[in-house]
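For reference, the structure is listed below as C-alpha cells.
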Number of protein chains: 2
Amino acid sequence: MVNTPKYDEAVLQVLDRSSRFRSCREILRDLDRSHSCATGPPSLSTIYRTVHRMSQEGVLDTIQSPEGERLYRRCGTPVRHYHLFCRVCGEVEEIAQVAEIAAVVEKIRCLSDFAQVDHTFELTGVCPRCL
Amino acid sequence: MVNTPKYDEAVLQVLDRSSRFRSCREILRDLDRSHSCATGPPSLSTIYRTVHRMSQEGVLDTIQSPEGERLYRRCGTPVRHYHLFCRVCGEVEEIAQVAEIAAVVEKIRCLSDFAQVDHTFELTGVCPRCL
DNA sequence: CGATTAGATGAAAATGATTATCAGTACCGT
DNA sequence: ACGGTACTGATAATCATTTTCATCTAATCG
C-alpha cells in the first residue's frame with residue numbers, strides 16, 4: 001500500500017465520542033468544530049468514502065434512519081440501547097438494553113455460518129400526543 | 001369530503017398479494033402489469049402520496065432497505081421473518097420467525113405509552129464466502 | 001342546472017443523500 | 001529523480017423522494 005488514509009483516525013475519534021449512530025454530515029460538523037485535523041477538515045466526499053470502506057471492512061456498523069440517512073457507529077460499541085420512534089412526529093423514546101434480544105442474536109450467530117453477526121432492532125409506534 | 005382517492009384500493013391489493021415489503025416502483029410495476037385500474041395505472045407521484053398517507057394513518061408499515069429505498073407493507077401482515085445480510089457482498093439469508101422477538105415487542109408495547117408498536121429486526125454479518 | 005370548491009392527479013422541477021468521475025497530489029520502493 | 005499507486009477535493013451524475021403547479025373530478029350550494 002502506497003498511501004494510508006489521512007482521516008480514518010479522526011473519523012473514528014468522532015464516532016468514539018458517542019454510542020449513537022452518526023451521519024456523514026454530523027461527522028463533518030464535529031470535525032469542523034474540533035479542529036482535530038492538522039491540515040483542516042476533510043471534504044464530505046472523503047467522509048463518505050471513509051465510512052463506506054470502514055463498514056465494508058467490518059469496522060463500522062450502519063443503520064438507516066427513518067429519514068433515509070445512513071448512520072454509522074463503531075463496531076462493538078458496548079452500550080447498546082434501542083429507540084422507539086413515533087411514526088407521525090418522529091419523537092424518540094429510548095429503550096434500555098434488552099437481554100432477550102442479545103440472546104436471540106447469540107442463538108442465530110451459532111446456527112448460521114455467518115461471522116461477526118450484529119443486529120439492529122428498531123421500534124416504531126404512535127406517540128400519545130399524536131394519537 | 002369532495003373527492004376520494006382513486007387508487008387506494010388498487011395499492012392495497014398489490015400489497016396484499018405478498019407478505020414482503022414493497023417499494024413504490026415495485027407497486028407501480030405490479031399495477032402496470034395487472035391492468036387492475038380501469039383508467040390506467042396511477043403516476044409514480046400518486047403512489048408516493050398514497051403510501052405516505054397510508055403509513056401516516058397507520059394502515060401501512062414502512063422500513064428502509066439497505067439500499068436506501070423505503071418499503072411498505074400492510075399492517076398486521078401475519079408472517080414475519082428476518083434477514084441476515086452479508087456486510088461485504090450483500091448476500092441475504094432468511095431467518096424464520098423468532099418467538100422471543102415478538103415477546104420483547106409485546107413487553108415494550110405494554111410498558112410504553114406508544115400505540116401501534118411495530119418493529120424491525122435486522123441482522124448483519126460476514127458470509128462464509130467473504131471470510 | 002350551473003357555479004363553486006376541496007381534494008386528487010400527473011408532469012416536471014426541486015431537493016437531498018449518496019456515488020462516480022477526474023484531475024491533482026503525496027508517498028513508497030526502485 | 002522516476003513511476004506507480006492510492007488518497008483527496010471539487011464537481012457532476014444518480015437515485016429516491018417531495019414539492020409545485022396547472023388541471024381535472026365530483027359533491028355541494030345557490
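The structure displayed is predicted, hence computed values, not measured ones. Protein chains get the first letters and strands the later ones, always in sequence-line order, with residue 1 at the start of each.
- Residue R25(A) has a polar side-chain atom (N or O) positioned under 4.0 Å from OP1 or OP2 of dA17(C).
- A salt bridge links R22(A) and D30(A); the closest N-O separation between the charged side-chain nitrogens and carboxylate oxygens is under 4.0 Å.
- Applying the salt bridge (charged side-chain N to carboxylate O under 4.0 Å, His left out) rule to K107(A) yields the partners E100(B); only residues at least two apart in sequence or on another chain are considered.
- The distance from atom CZ of R29(B) to atom P of dA16(D) is 13 Å, rounded to the nearest whole Å.
- The distance from atom CG of N3(B) to atom C1' of dT9(C) is 9 Å, rounded to the nearest whole Å.
- Rounded to whole Å, atom C1' of dA8(C) lies 17 Å from atom CD of E9(B).
- For E69(B), counting side-chain heavy atoms from C-beta on, the closest listed nucleotide (dT8(D), dT18(C), dT17(D)) is dT17(D).
- Nucleotide dG10(C) holds its P atom 12 Å from the CG atom of D32(B), rounded to whole Å.
- A sub-4.0 Å separation between OP1 or OP2 of dT9(C) and a side-chain N or O of R53(B) is absent.
- Straight-line distance from the CG atom of L28(A) to the C1' atom of dA10(D): 14 Å, rounded to whole Å.
- Going from atom NZ of K6(B) over to atom C1' of dT23(D) covers 13 Å, rounded to whole Å.
- For R70(A) and dA16(D), the CZ to C1' distance is 12 Å, given to the nearest whole Å.
- C24(A) SG to L28(A) CG: the interatomic distance, rounded to the nearest 0.5 Å, is 9.0 Å.
- Residues from residues 43-52 of chain B placing a heavy atom under 4.0 Å of any atom in DNA chain C, listed by number, are S43(B), S45(B), T46(B), R49(B).
- Taking only side-chain nitrogens and oxygens, Y72(B) never comes nearer than 4.0 Å to OP1 or OP2 of dT17(D).
- Y7(A) places its OH atom 15 Å from the P atom of dT25(C), with the value rounded to the nearest Å.
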For the pair R74(B) and D61(B), evaluate salt bridge (Lys or Arg N to Asp or Glu O under 4.0 Å) and give the outcome as yes or no after the intermediate values. CA-CA 6 Å; R74(B) 189 161 197 163; D61(B) 279 341; over 6 Å; no

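- For the side chain to side chain contact (heavy atoms under 4.5 Å, CB included) criterion with R53(A), the lone passing option out of E57(A), R49(A), Q56(A) is E57(A).
- We find the OG1-OH distance between T46(B) and Y7(B) to be 7.0 Å, quoted to the nearest 0.5 Å.
- In this structure, F121(B) and H119(A) have tilted ring planes: the angle between them lies in the 30° to 60° band.
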